[in-house]
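Excluded from the calculations below are hydrogen atoms, water molecules and symmetry mates; all remaining heavy atoms, backbone and side chain alike, are included. The first residue of the sequence shown is numbered 1, and numbering continues consecutively from there. In this text, all values refer to a predicted model and were calculated from it rather than measured experimentally.
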Amino acid sequence: MSEYAQWDSTQTFIFAMIGVAIGLGNIWRFSYIVYSNGGGAFFIPYFFAIAIMGIPFLILEYGIGFSFKKAFTEIFKSINPKFEFVAWILIFSISIVLIYYMVIISWDLIYLIQSLSFGWGSDPAAYFVQNVGGGENLSQIGNFFLPVAGGVIVSWFILWFISHRSIDKGIGMASKILIPAVFVIMAIIVVFALTLPGASIGINALINPNWNLLFDINLWIVAFSQIIFSLGIGEALALTYATYLADNKNLTDNVFFVVLSNSSFEIFTAFGVFSILGYMSATAGTPLVELVSEGTGLIFVVFPMIFSIMGILGRILAPLFFLAVLFAGISSAFAFFEPIIGSISSKVNMSRKKLATILSIIGCFCSLLFTCGISSYLVGVVDGFINKFGILLLIAVQCVIFGWYYGAEKVLPVLNEKSRIKVGINLDCCNQICSSDIFGNNLDNWNNRFVFKCQSL
């Protein structure tokens with residue numbers, strides 16, 4: 001491993017890993033998932049999924065990454081040359097994710113600027129369709145939004161500026177600035193939100209449990225899917241970051257801290273989101289069910305509408321909110337970029353700085369294709385295919401390769417050497433879940449599945 005490819009400290013690695021976990025989905029997706037999937041009842045499968053899949057898989061990725069200290073594709077090649085193509089398919093998939101992810105960050109940049117004057121006007125939905133994300137009318141594909149294109153170029157420049165530098169001076173330094181900033185900003189927003197008139201309406205709607213849904217398999221599938229995408233497991237992100245660790249001190253312990261930080265952030269944020277929705281419901285008399293949305297609908301339509309009626313408070317909260325979204329998005333973007341840079345660099349033997357520049361230019365041009373009159377429609381279609389099919393299947397394949405073919409027990413000495421929390425192979429956890437029908441694969445006949453037993457010293 002090259003000299004520069006190391007974190008300057010374990011703390012920097014932890015900040016970077018929290019940046020992997022905390023992204024756009026924590027802000028615009030989690031609260032909707034909780035509300036529409038049983039409310040308070042959702043937390044039972046949510047924490048269950050964390051315990052038996054999220055934590056074990058992250059521990060496995062930390063151990064594999066630190067043990068091999070190679071690029072993602074080279075790790076697969078080392079296990080078996082025939083598996084290298086699996087890694088390249090995943091690298092291609094996350095490259096597609098990064099391309100449209102940068103478009104969403106561009107949308108947020110525009111709203112960050114517009115939040116200073118509420119430039120979205122009295123009809124945020126129309127503003128989004130006409131000026132930012134477009135609609136579903138395919139005849140508008142030839143129209144391009146120049147401000148969005150400019151935002152894409154700026155977003156890619158920021159990503160390049162961070163990623164072309166060495167690990168500690170680029171991603172490491174950015175993570176130590178952006179992640180605390182996101183926590184502080186969201187804390188300010190949520191505290192304000194909890195004091196708003198009608199906040200209790202939103203919170204009660206969020207946590208009101210529907211216990212009957214616990215017997216619905218779809219609720220459990222949603223919970224496991226949320227953990228997969230929230231923690232970024234199986235997407236080469238955690239594994240790649242772990243290869244840059246200079247010491248295996250507290251590897252397993254760090255997993256628990258990252259998971260705790262991620263869950264605390266998204267649950268805390270969900271209370272803030274629904275407090276603001278409750279305020280809108282109480283103030284404008286709009287039924288809460290008509291306000292609840294996820295993704296772009298929540299961030300770029302509902303929230304601007306709410307900020308507009310808040311008066312001076314909205315003038316303060318709106319810029320803070322879109323700034324938090326920007327920081328969360330950027331921290332996840334360079335996490336997606338890193339395994340791409342590392343894998344291609346090891347293949348073509350090119351310097352990090354030169355390769356990051358080339359890939360940023362190519363990625364920027366690809367992202368510009370999503371700035372047309374059907375931008376949001378294209379993002380939705382591509383995201384649906386990549387995340388709901390491609391990456392899930394590849395995660396299941398990784399479970400088999402790492403936990404069954406390679407043998408997860410090989411990384412246990414590395415994991416346990418300096419960690420306060422020890423792991424073993426007595427309880428069936430990670431591969432049993434990842435190899436189940438959650439991923440649409442009948443893989444549950446395999447033995448030697450990766451399991452953990454947490455044991456405090």
Side-chain angles (χ1 to χ4, degrees), residues 1 7 10 13-23 49-79 83 86-87 90-91 93-94 171 224 227-245 247-262 332 335-336 338-340 342-343 391-392 394-417 419 421 423 425 429-435 439 449-452 454:
M1 186 170 64
W7 303 113
T10 302
F13 166 71
I14 292 175
F15 275 122
M17 278 306 308
I18 294 174
V20 170
I22 294 177
I50 288 176
I52 70 171
M53 185 184 68
I55 291 174
F57 203 109
L58 268 188
I59 292 175
L60 175 59
E61 288 194 283
Y62 280 25
I64 292 288
F66 183 84
S67 298
F68 280 88
K69 291 188 178 297
K70 294 180 178 180
F72 182 71
T73 52
E74 290 297 314
I75 291 176
F76 277 74
K77 185 178 179 180
S78 298
I79 295 175
F83 294 150
V86 175
L90 182 60
I91 292 298
S93 298
I94 62 176
I171 296 175
F224 277 89
I227 295 305
I228 289 172
F229 294 116
S230 179
L231 294 176
I233 63 177
E235 299 178 51
L237 313 181
L239 189 149
T240 298
Y241 276 6
T243 65
Y244 302 139
L245 278 168
D247 190 359
N248 63 335
K249 181 180 179 181
N250 297 338
L251 274 178
T252 305
D253 304 4
N254 293 339
V255 169
F256 285 86
F257 186 80
V258 169
V259 171
L260 176 63
S261 299
N262 173 72
S332 293
F336 282 118
E338 190 55 33
I340 302 170
S343 295
I391 290 181
L392 284 180
L394 290 169
I395 291 173
V397 173
Q398 287 180 77
C399 285
V400 176
I401 292 175
F402 291 149
W404 181 73
Y405 185 88
Y406 174 71
E409 68 278 358
K410 294 179 181 178
V411 303
L412 294 182
V414 171
L415 291 168
N416 291 332
E417 181 180 354
S419 296
I421 299 176
V423 293
I425 52 173
C429 290
C430 184
N431 283 348
Q432 182 176 5
I433 299 303
C434 294
S435 301
F439 297 96
R449 288 168 276 204
F450 189 50
V451 292
F452 290 100
C454 297

Atom pair CG/CG of L245 and N254 - distance to nearest 0.5 Å: 7.5 Å
Testing the basics here: between L237 and P339, what is the closest heavy-atom pair and its distance to 0.1 Å? CD2-CG, 3.9 Å
Under 4.5 Å between any side-chain heavy atoms of L58 and L231, yes or no? yes
What's the shortest heavy-atom distance between K70 and S78, and which atoms? NZ-OG, 2.8 Å
Measure the shortest side-chain to side-chain distance between F72 and L90 over non-hydrogen atoms and say whether it is less than 4.5 angstrom. yes
Which atom of V20 lies closest to which atom of A335, heavy atoms considered: CG2-CB, 3.5 Å
So CZ of F224 and CD1 of I50: to nearest 0.5 Å the spacing works out to 10.5 Å
Rounded to the nearest 0.5 angstrom, the CG-CG distance for L415 and L251 is 6.0 Å
Output field: ring centroids Y406/F68 closer than 6.0 Å: yes
Note, E338 side chain near I171 side chain (heavy atom, < 4.5 Å): yes
Please confirm whether F13 and Y62 have ring centers closer than 6.0 angstrom. yes
To the nearest 0.5 Å, what is the distance between CZ (F83) and CZ (F402)? 10.0 Å
Less than 3.5 Å apart, any donor N or O on the side chain of N262 or S230 sitting next to an acceptor on the other? yes
Checking S332 side chain against G19 main chain: does a donor-acceptor pair fall under 3.5 Å? yes
How long is the straight-line distance from OG1 of T10 back to CG of D253, given to the nearest 0.5 Å? 10.5 Å
Which atom of E61 lies closest to which atom of A238, heavy atoms considered: OE1-CB, 3.9 Å
Closest non-hydrogen contact found for F336 with E235 is CE2-OE1, 3.4 Å
Beyond-backbone contact of F256 with T252, side-chain heavy atoms, under 4.5 angstrom: yes
Pairwise side-chain contact, I227 with F57, heavy-atom cut-off 4.5 Å (strictly under): no
Residues S67 and K410: side-chain donor-acceptor under 3.5 angstrom: no
